[in-house]
Amino acid sequence: MDKEFDSNVNALNSLLTIIEQLGHIKDLDALLDRVLLEARQLTNADAGSIFLVDSMHNNLLNFSYIHNDTLFTSPVNKYIYSSQTLPINNKSIAGYVALTGKPVVLNDVYDIPADKPFGFNRAFDIKSGYRTKSVMAVPLKTSRDKIVGVLEIINALSAGKEVVSFTETDELVVNYFANNAAVAIERAMMTRETILRMVKMCELRDPKETGAHVNRVAAYSAEIYQKWALNKGIGSDEIKKTKDLLRIAAMLHDLGKVGISDVILKKPGKLDDQEFAIMKFHCILGARFFENSTSDLDVISAEIALNHHERWDGQGYPGKIDNIYDNEVHLGVGKKEGEIPFSARIVALADVYDALISRRAYKDAFPEEKTLEIIKQESAKHFDPEVVEAFLAIYEVIVAIHAKYQDEPSSSPG
Ligand code: C2E
Ligand code: SIN
Ligand code: SIN
Ligand code: FE
Ligand code: FE
């Protein structure tokens, strides 16, 4: 057997391993991050992005994910929460690929052959100073030929770090990879949708607790976790796995509010003591949803639902409870510090930050300065100081998340 054959077999084997691993990633954003990383590694590309077909407007692409090694060197960057859209038509590269289902390979996007209908939009390059040159854009097509998005990889690099053209082998490998990635992406989109439906159910009960709030709390929590875990020297495989689960579980932190009566939940003013005492049971009710906790995801979801109102100083609720399934369950002595699972310590901060910076039925939005002041003041009181530290260190990312997930007008359909 010749050498080239051997190396092809090795490449194929690692490709199959990568594809197998994609099947285990539950959260959509974690999956997109991984797909882009692997596609770029397969082709030694400097940058790339993923566009997803919008679930409600199927003539639109959402700019869902972007990587760029030259521009963004920090492990977390605000650009991953970029939120532009692009119409699906002939005018752009990604639009053309989504429209036709055909891959596009270009040696230099500043010199596109005249017979192509699309042009390249230089706005990003102009703003960033980056020079996009070689591009390969392939459809993310599922086994039923449904196009869920477009994978675009940019600037293939030679061993000497020169920008070169993508090869025919690159094209074969990436197309094969993209088809498999599309199946995983479609599945993750369905998981996301199921969770958002559960959230919608809460929203019907509690109009202020919107899908946007839930998305923000989830994204803040995932990013705070990543920074906190990096600071603690936790290994990158564990970080990836936990970040994936934490993000989904954080969306479900207030699920238990569906069990609280409308009179309390929708009260426009301050709750009295008795009402607040009832409200506190949303943590216990939420945890009960995950009664048959079998998966890691159920376990962390239950942990967060139960403990997201505990405080670092032990003054939170619902406290230590022997059996959350008892008919006559009573609040216990507050858990403190390490007694509170780290997942809940992180979601606690994410949830309060978002409640402060946003308007609620019972309060106006606080200005940014006041919000940050409260959070710093509450370090080591309400919040784990290490979590506050991680939050402040990635504050730029927090702000980008806040900008990405804005509340839609309540009249919007679906
Ligand atoms: P939520 O609106 O999602 O608020 C989550 C947490 O953010 C609150 O937990 C609290 O720790 C923090 N937070 C919210 N607003 C403020 C504020 O103006 N100042 C400060 N310092 N912190 C704030 P908490 O207090 O345990 O409340 C849990 C849930 O109970 C709230 O979730 C909300 O749904 C409900 N709730 C709390 N207080 C009231 C109220 O006065 N009226 C009504 N209608 N609901 C309330
Ligand atoms: C595209 O054309 O593929 C996306 C937008 C751009 O980078 O021009
Ligand atoms: C809250 O009201 O619980 C948030 C600030 C604090 O812990 O006092
Ligand atoms: Fe809550
Ligand atoms: Fe909340």
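Both counts, for ligands and for their atoms, begin at 1 and track the order of listing. The shown structure was predicted, so the numbers you read here are calculated from the model rather than taken from an experiment.
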**Prompt:** Once you round to the nearest 0.5 Å, how far does CG of L28 lie from OG of S64?
**Reply:** 7.0 Å
Pair [X]-[Y], side-chain donor/acceptor within less than 3.5 Å:
| X | Y | result |
| --- | --- | --- |
| H308 | D254 | yes |
| Y176 | E171 | no |
| D125 | T132 | yes |
| N89 | Y96 | no |
| D313 | H382 | no |

**Asked** Quick one: does NZ or CZ of K363 land under 6.0 Å from the six-membered ring centre of F366, within 45 degrees of the ring axis?
**Response** yes
Interfacing atoms of ligand 1 (cut-off 4.0 Å, heavy-atom, [X]):
| X | result |
| --- | --- |
| L356 | 16 (C), 17 (C), 19 (N), 20 (C), 22 (N), 23 (C) |
| D351 | 3 (O), 5 (C) |
| A355 | 4 (O), 5 (C), 7 (O), 14 (C) |
| M279 | 30 (O), 34 (O), 35 (C) |

**Prompt:** Applying ring pair (Phe, Tyr, Trp, His ring centres under 6.0 Å), which residue pairs with at least one partner in residues 332-356 are found, sequence neighbours left out?
**Reply:** Y220-Y353, Y225-F342, W228-F342, Y353-F391
Test of understanding: given a 4.0 Å heavy-atom threshold, classify the contact between [X] and ligand 1 as side chain, backbone, both, or neither.
| X | answer |
| --- | --- |
| D354 | neither |
| H309 | side chain |
| K257 | side chain |

**Request:** Quick one: list whatever passes salt bridge (charged side-chain N to carboxylate O under 4.0 Å, His left out) with K370, sequence neighbours left out.
**Result:** none
So for ligand 1, is [X] a polar contact partner (N or O within less than 3.5 Å, distance only)?
| X | result |
| --- | --- |
| H382 | no |
| L271 | yes |
| K267 | yes |

**Fill in**
A student comparing F366, Y362, Y353, Y317 should find that the heavy atom closest to atom 28 (C) of ligand 1 comes from Y317
**Request:** Identify which of G316, G269, P268 has a heavy atom lying nearest to atom 42 (N) of ligand 1.
**Result:** G269
**Prompt:** By residue and atom, what protein N/O/S atoms are less than 2.8 Å from the Fe ion (ligand 4)?
**Reply:** D254 OD1, H282 NE2, H308 NE2, H309 NE2
**Prompt:** Within less than 4.0 angstrom of ligand 1, does K280 place any heavy atom?
**Reply:** no
**Mutual orientation of the aromatic rings belonging to H282 and Y317 [parallel < 30°, tilted 30-60°, perpendicular > 60°]** = perpendicular
**Request:** Please list all pairs passing the salt bridge (Lys or Arg N to Asp or Glu O under 4.0 Å) test where one or both residues lie in residues 331-345, with sequence neighbours left out.
**Result:** K320-E339, R345-D384
**Message:** Evaluate K241 against D296 for salt bridge (charged side-chain N to carboxylate O under 4.0 Å, His left out), listing each step before the verdict.
**Reply:** CA-CA 10 Å; K241 181 167 176 269; D296 290 348; 3.0 Å; yes
